[in-house]
Protein chains: 4
Amino acid sequence: MKQKRPKYMQIIDAAVVVIAENGYHQSQVSKIAKQAGVADGTIYLYFKNKEDILISLFKEKMGQFIERMETDIQKKPSAKEKLLLLIEEHFRMLAQNHHLALVTQLELRQSNLELRQKINEVLKGYLNMLESILADGKKTGEFRQNLDVRLARQMVFGTIDETATTWVMNDQKYDLPALAENVRDLLLNGIHQS
Amino acid sequence: MKQKRPKYMQIIDAAVVVIAENGYHQSQVSKIAKQAGVADGTIYLYFKNKEDILISLFKEKMGQFIERMETDIQKKPSAKEKLLLLIEEHFRMLAQNHHLALVTQLELRQSNLELRQKINEVLKGYLNMLESILADGKKTGEFRQNLDVRLARQMVFGTIDETATTWVMNDQKYDLPALAENVRDLLLNGIHQS
Amino acid sequence: MKQKRPKYMQIIDAAVVVIAENGYHQSQVSKIAKQAGVADGTIYLYFKNKEDILISLFKEKMGQFIERMETDIQKKPSAKEKLLLLIEEHFRMLAQNHHLALVTQLELRQSNLELRQKINEVLKGYLNMLESILADGKKTGEFRQNLDVRLARQMVFGTIDETATTWVMNDQKYDLPALAENVRDLLLNGIHQS
Amino acid sequence: MKQKRPKYMQIIDAAVVVIAENGYHQSQVSKIAKQAGVADGTIYLYFKNKEDILISLFKEKMGQFIERMETDIQKKPSAKEKLLLLIEEHFRMLAQNHHLALVTQLELRQSNLELRQKINEVLKGYLNMLESILADGKKTGEFRQNLDVRLARQMVFGTIDETATTWVMNDQKYDLPALAENVRDLLLNGIHQS
DNA sequence: GATGAATGAGAATTCATTCAT
DNA sequence: GATGAATGAATTCTCATTCAT
């Protein structure tokens, strides 16, 4: 397994640091190699090409997160609680790793379309989990019966993503996880006076 | 005035077509010039550099849209109607100009951070308008009294943007403006069973 | 005659100013036109091309100087006095026109070989005058009988030119004409203890 | 050490040939790379940029020459002999390497001011050596007691340089080193009848 | 497995000159 | 004569990837 080889994660972690510190377009393979403490050529023993580093980076970091999430979420009895947990953990993950937050919310989005489509593949697991929560809530009667699950998923994800991006663009200077409950309530109840 | 010079808009329109058809990174200045029917050098009589074409593109197209919006929105009596109009017009603009939709939702986001920050400057007008609607609705009692306007703005914009991006990534194959009312209702009432 | 047309000299004088202030490689035709107060295209009514401006510049300025010199020098009875006058007037001309000094000693030398060869054509009048003085002095017995006139001319011109260039590169901050007599004596008597 | 790397000198030698054969402004990096038998990109492993090739070229070639000179000159007992040796070796160096002569006397002078100032830095070693000889000769009583060393240096260098340049512009068709003694005597004794 | 020197394709921009008005 | 908008050719440098050691 890739993950077993120590240099694999070493290079991925180096890539996160280098991209966060230098920006996407100033993150040459040689810089990543230097940060990882390996030769340029060594990179290509572990990754097919530069793009593969970036996809793997996203896969590893987001993959770990999604796995943890799926376990944690099952423990929650209601869809509402599951939704809150999802938002909280998402925000917490970003807040706990400032470098990673910068890389996923800003830098990696500068990549070309092809790469971004591959990144979206990885995101699918996350989006599926989100749709499951919404569909479950609909089934249990917690959420509206006429809920358009796909549209609702776009609202939830769009809101989380926009909130996180705004936070990163403001130099992460306020407490993002603290917003989780407000965000969840807004998504649940909308902006309308009830 | 820049806008009065016919070649200025000619080049911007050419840039939209070229970027939509070739992708951001394959849109060389010479390609844009050719599409616009001018010499490469002529571009530089109207724009400082390549980046300036892209910023101007966004400014012109989004600027026009925001101006139209501001006029139209004032005619609507309630915040709820204003919000619907904003979503509708946003979706309609994208649906009416497939090239522009592709460029603004996908291609232009591949630009470097510096350029994206300049694009965000242009977006500020839009976001301010959105915050005004939300603040107004709060004042008139249409929206919750405890509404966090900034968070709500992030939800509304994030939802619109994510919905539009998903539509573009699905090759614009369904009717985006038709979703406007659903989106508005979701934003107003949330996903919760009321 | 070219010289009769006022814009001709206007453009040449503008070129001197522009080159002195911006450097040779930053002296675009459009800059010279602007400084001269004419349109870019007007330049080409008076000059064949950009190179022609520069050659004409040198021809006009150096030509005037050589004419004046030839008259003045004839008045001097001895070769030694003629030589002193030549050095003095050369240095005085440069000291009186700082812009021109900068242009002829430094900037114009950055031009390509072809242009420099044409400039050398103009210099020929000057070098011939210098050789005449040397040949005369030899004939009258003032200078060595075995003097290699061509070599001596290279020494005299090389010394004058190097002295002037050093002075310009030192920002013209000392009194160049004041050196004339020393230079003449050095050329006459050499560095050897007599 | 740079000099130990074979490709470093390979590229510099290629640059001399290319510039001599094509002229300064027609010497593209790709031409130099081709002549050196390396890829364009390889140039940039050894030189910061194109200008750096040219400065290094001058430094290496003139540097070697100055070092050799300093050793040889110390062996000569008198200032007069030192001066003769300096002129002889300078002329011999140029005569032995026609390409280099062309490059240093004509082509490199077309470079911009900034580059020429860097080239002048290299020349300083040469000029200092020359001033030392003059100052020494003054001290030992060989040269005039009232000699203005700086002015004398300008005469000597100006004469050497002008003589060499004239020779190059006349297609190097006569024996330059054969002129050395005449030049030295002219510099020592001047043009005046003694 | 690890290295790192070498490769070479690819693109924005400037500016002398023209010519329709 | 005068204008100035338009032209379009031409070149440095970067960096992902390879492969001989």
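Below, chain A is the first sequence line, B the second, and so on; all start at residue 1.
- Using a 4.0 Å heavy-atom criterion, one finds that V29(D) contacts the sugar-phosphate atoms exclusively.
- For the pair N49(A) and N49(D), both in contact range of DNA chain F, the more 5′-proximal nearest nucleotide belongs to N49(D).
- Of the possible donor and acceptor atoms, none in the side chain of R116(C) sits under 3.5 Å from a partner among the backbone N and O of L108(C).
- By the ring-ring contact (aromatic ring centres under 6.0 Å, His included) test, F65(A) pairs with H90(A), sequence neighbours left out.
- Where E51(D) and K50(A) meet DNA chain F, the nucleotide closest to each residue was compared, and E51(D) sits on the side nearer the 5' end.
- Counting non-hydrogen atoms under 4.0 angstrom, K7(A) reaches the backbone sugars and phosphates but no base.
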Applying side chain to side chain contact (heavy atoms under 4.5 Å, CB included) to Q28(A) and N22(A), what does each step give before you reach the verdict? CA-CA 9 Å; Q28(A) 294 84 356; N22(A) 300 279; over 6 Å; no
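- Atom CG of L45(D) is separated from atom P of dC13(F) by 14 Å (rounded to the nearest Å).
- Atom CG of D40(A) and atom P of dT14(F) are 16 Å apart (whole Å).
- A heavy-atom distance below 4.5 Å is found between the side chains of K61(A) and D13(A).
- When DNA chain E is scanned 5' to 3' for any atom under 4.0 Å from a heavy atom of chain B, the first and last hits are dA11(E) to dT14(E).
- Ionic pairing of K59(B) and E121(B) is not present here: no N-O contact between side-chain nitrogen and carboxylate oxygen is shorter than 4.0 angstrom.
- Side chains of Q105(A) and D161(A): a donor on one and an acceptor on the other come within 3.5 Å.
- Residues G37(D) and V38(A) each lie close to DNA chain E; by heavy-atom proximity, the contact nearer the 5' end of the strand is made by V38(A).
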Between E60(B) and Y8(B), is the side chain to side chain donor-acceptor pair (under 3.5 Å) condition met? List the steps. CA-CA 10 Å; E60(B) 289 298 333; Y8(B) 176 81; 3.1 Å; yes
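- In terms of position along DNA chain E, the nucleotide closest to H25(B) lies nearer the 5' end than the nucleotide closest to the other residue of the pair H25(B) and G41(C).
- Consecutive Watson-Crick or G-U pairing (both distances under 3.5 Å) extending over three or more pairs maps onto DNA chain F as E:2-21 with F:2-21.
- Inter-residue side-chain proximity for E21(A) and Q26(A) is flagged as unmet; no heavy-atom pair is nearer than 4.5 Å.
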